[in-house]
There are 2 protein chains.
Amino acid sequence: MLSPTTHRADPIKILSMRHLPPVNGHQLIETGELMGASMSFRRNAEIYGEGEPADYLYKIVSGTARTYKVLSDGRRQIGGFYLPGDILGLETAEEHSFSAEAISGCKALLIKRRTLVALAGRQDEIARQLWSIIGEELRRVQAHNLLLIKSAQERVAAFLLEMAERVSTGNAVELPMSRQDIADYLGLTIETVSRTLTQLEKIAAIQLSSSRRIVLRNRSALSRLNS
Amino acid sequence: MLSPTTHRADPIKILSMRHLPPVNGHQLIETGELMGASMSFRRNAEIYGEGEPADYLYKIVSGTARTYKVLSDGRRQIGGFYLPGDILGLETAEEHSFSAEAISGCKALLIKRRTLVALAGRQDEIARQLWSIIGEELRRVQAHNLLLIKSAQERVAAFLLEMAERVSTGNAVELPMSRQDIADYLGLTIETVSRTLTQLEKIAAIQLSSSRRIVLRNRSALSRLNS
DNA sequence: CGTGATCTTGAGGGAATTCAATGTCGGTGG
DNA sequence: CCACCGACATTGAATTCCCTCAAGATCACG
């Protein structure tokens with residue numbers, strides 16, 4: 001059962017809670033000054049579009065989301081994957097610089113940006129958390145940068161290790177995204193991702209139980225690939 | 001001559017001034033609560049190292065700096081180039097995640113992070129500027145990400161356009177960094193950068209006056225390459 | 001069971017890298 | 001002043017890695 005505190009009007013909790021328990025009954029949580037409206041998105045539904053006003057942050061409650069950009073020639077670059085507990089749509093600009101979509105069915109908590117910023121001005125703890133969140137995002141994007149200069153093997157290995165940290169139960173990784181998503185995240189083609197995975201299986205670094213389920217058999221081998 | 005305000009104890013000015021006039025005489029500027037110590041770095045000198053405590057921000061006054069990481073196999077990835085007016089070392093973590101060096105002789109204004117953060121808690125204007133600076137940094141890193149999935153031509157073209165915006169006088173771009181720096185920034189080899197530049201010269205998009213001086217002859221051609 | 005979507009595998013080609021040599025520029029000392 | 005030197009940059013040839021195009025294989029779903 002839910003602990004009573006999850007229903008309290010506490011913006012700090014909204015920001016910091018890693019997994020928010022499901023919102024039972026009504027879709028609106030009263031959280032003091034910070035309205036947390038819960039919103040559901042079905043598979044492939046748009047959460048927000050590039051260029052739209054960035055009025056809300058979205059805290060993923062369940063499911064997975066992706067941010068992406070489509071270049072003029074049709075190539076798609078995925079900026080990141082967002083799992084439960086992650087915060088999406090963090091921009092200091094007035095407009096979203098990426099689009100966001102639900103990968104699987106997906107529930108998110110909406111947080112009004114202006115309200116949050118105003119609140120941060122008065123409550124140090126909120127401000128501190130906001131800084132930590134945007135700093136985390138910056139580090140994530142920088143790590144992604146480092147990925148993109150590496151070889152296909154290194155990129156895939158790094159991706160697997162990253163996902164293992166985020167979704168793993170033991171050594172098994174249940175991937176929420178398709179090969180195409182992975183490819184567009186890593187700056188590779190879907191074929192190269194597929195080939196690299198079978199290659200990693202051949203050297204006994206991983207085991208492909210099914211296409212979406214991957215077991216890490218030899219993490220140190222993967223780390224070693226990770227230059 | 002310097003206007004008197006440049007010497008006033010005004011942290012907002014320190015953050016926002018695009019180009020800080022040279023500090024004549026003593027090396028320490030009294031800026032109220034925010035001490036702005038001026039510091040000089042010679043070519044290739046380290047400004048800070050990866051993993052060191054991130055106690056200071058550095059506002060470049062003159063010269064150019066680079067941030068970088070060296071992977072275990074020796075490859076170097078340059079995270080960004082910082083020109084006069086840019087702020088370096090912005091981390092919300094306790095430690096620097098990149099190293100920083102002066103590319104050319106370089107003067108920077110040191111800003112104590114803790115002091116700045118404390119100040120931001122009391123002055124909205126400071127907080128607002130801090131947000132804008134880190135948001136800018138985030139956008140810069142994301143744009144860099146997009147670069148790294150493109151072809152060599154596109155990367156070099158995008159790099160030239162970026163530098164043109166930042167250092168150009170008309171159509172001439174005076175590059176402060178070496179080919180190796182450019183290569184490590186773009187995730188290419190020095191040879192590929194060189195070849196691509198001569199290629200761009202052949203199609204009359206640019207002119208290589210000298211190796212460090214490049215004239216943009218056809219910006220729309222460069223933009224077109226920029227997918 | 002079909003049917004479409006997703007994933008894997010194969011063969012060939014192309015873009016960037018590697019390795020190697022040559023060229024250019026700025027400084028230093030004869 | 002010019003010859004030499006080292007650092008930096010360009011160019012060339014061969015190779016490697018990833019992409020493209022194409023054909024199967026597998027999976028989910030009606």
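Values in this document were obtained by computation on a predicted structure and should not be read as measured data. Order of the sequence lines sets the chain letters (A, B, ...), proteins ahead of strands, with each chain counted from 1.
Side chain to side chain, A:Glu191 and A:Ser194 fail the donor-acceptor criterion of an N or O pair below 3.5 Å. Side-chain contact check for A:Ser223 and A:Ser220: no donor-acceptor pair (N or O, by modelled atom type) lies under 3.5 Å. Residues A:Glu101 and A:Tyr68 bring a donor and an acceptor atom of their side chains to less than 3.5 Å of each other.
Of the charged side-chain nitrogens involved, at least one lies within less than 4.0 Å of a carboxylate oxygen, so that A:Asp181 and A:Arg76 count as a salt-bridged pair. The pair B:Asp184-B:Arg66 does not meet the salt-bridge criterion, since no charged nitrogen lies less than 4.0 angstrom from a carboxylate oxygen.
In this structure, B:Glu201 atom CD and D:dA9 atom P are separated by 15 Å, rounded to whole Å. Between the P atom of C:dA5 and the CZ atom of A:Arg43 lies a distance of 11 Å, rounded to the nearest Å. The nearest whole Å value for the distance from the CG atom in B:Leu197 to the C1' atom in D:dA9 is 10 Å. Atom CD of B:Gln180 is separated from atom C1' of D:dG6 by 17 Å (rounded to the nearest Å). At whole-Å resolution of the value, NZ in B:Lys202 and C1' in D:dT10 are 11 Å apart. When the C1' atom of C:dT24 is taken as reference, atom CZ of B:Arg179 falls 12 Å away, rounded to whole Å. Taking atom CD of A:Gln199 as the reference point, atom C1' of C:dC7 lies 17 Å away to the nearest angstrom.
Between A:Tyr185 and A:Phe81, the ring centre distance stays below 6.0 Å. Aromatic ring centres of B:Tyr58 and B:Tyr48: separated by under 6.0 Å.
Note on residues 91-100 of chain B: pairs passing salt bridge (Lys or Arg N to Asp or Glu O under 4.0 Å), not counting sequence neighbours, are B:Glu94-B:Arg113.
At C:dC7, one or more side-chain N or O atoms of A:Arg212 fall inside 4.0 Å of OP1 or OP2 (strictly under the cut-off).
Residue B:Arg213 is out of contact with every strand shown, counting any heavy-atom pair closer than 4.0 Å.
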What string of B, S and - do you get for nucleotides 11-30 of chain D 5' to 3' if you count protein non-hydrogen atoms under 4.0 Å? BBB----SSBB---------
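End-to-end axis angle of the helix from C:dC1-D:dG30 to C:dG30-D:dC1, from C1' rotation axes over five pairs per end: 30° (rounded to 10 degrees).
Put simply, the side chain of A:Ser99 gets close to the backbone of A:Glu50: a donor and an acceptor are under 3.5 Å apart.
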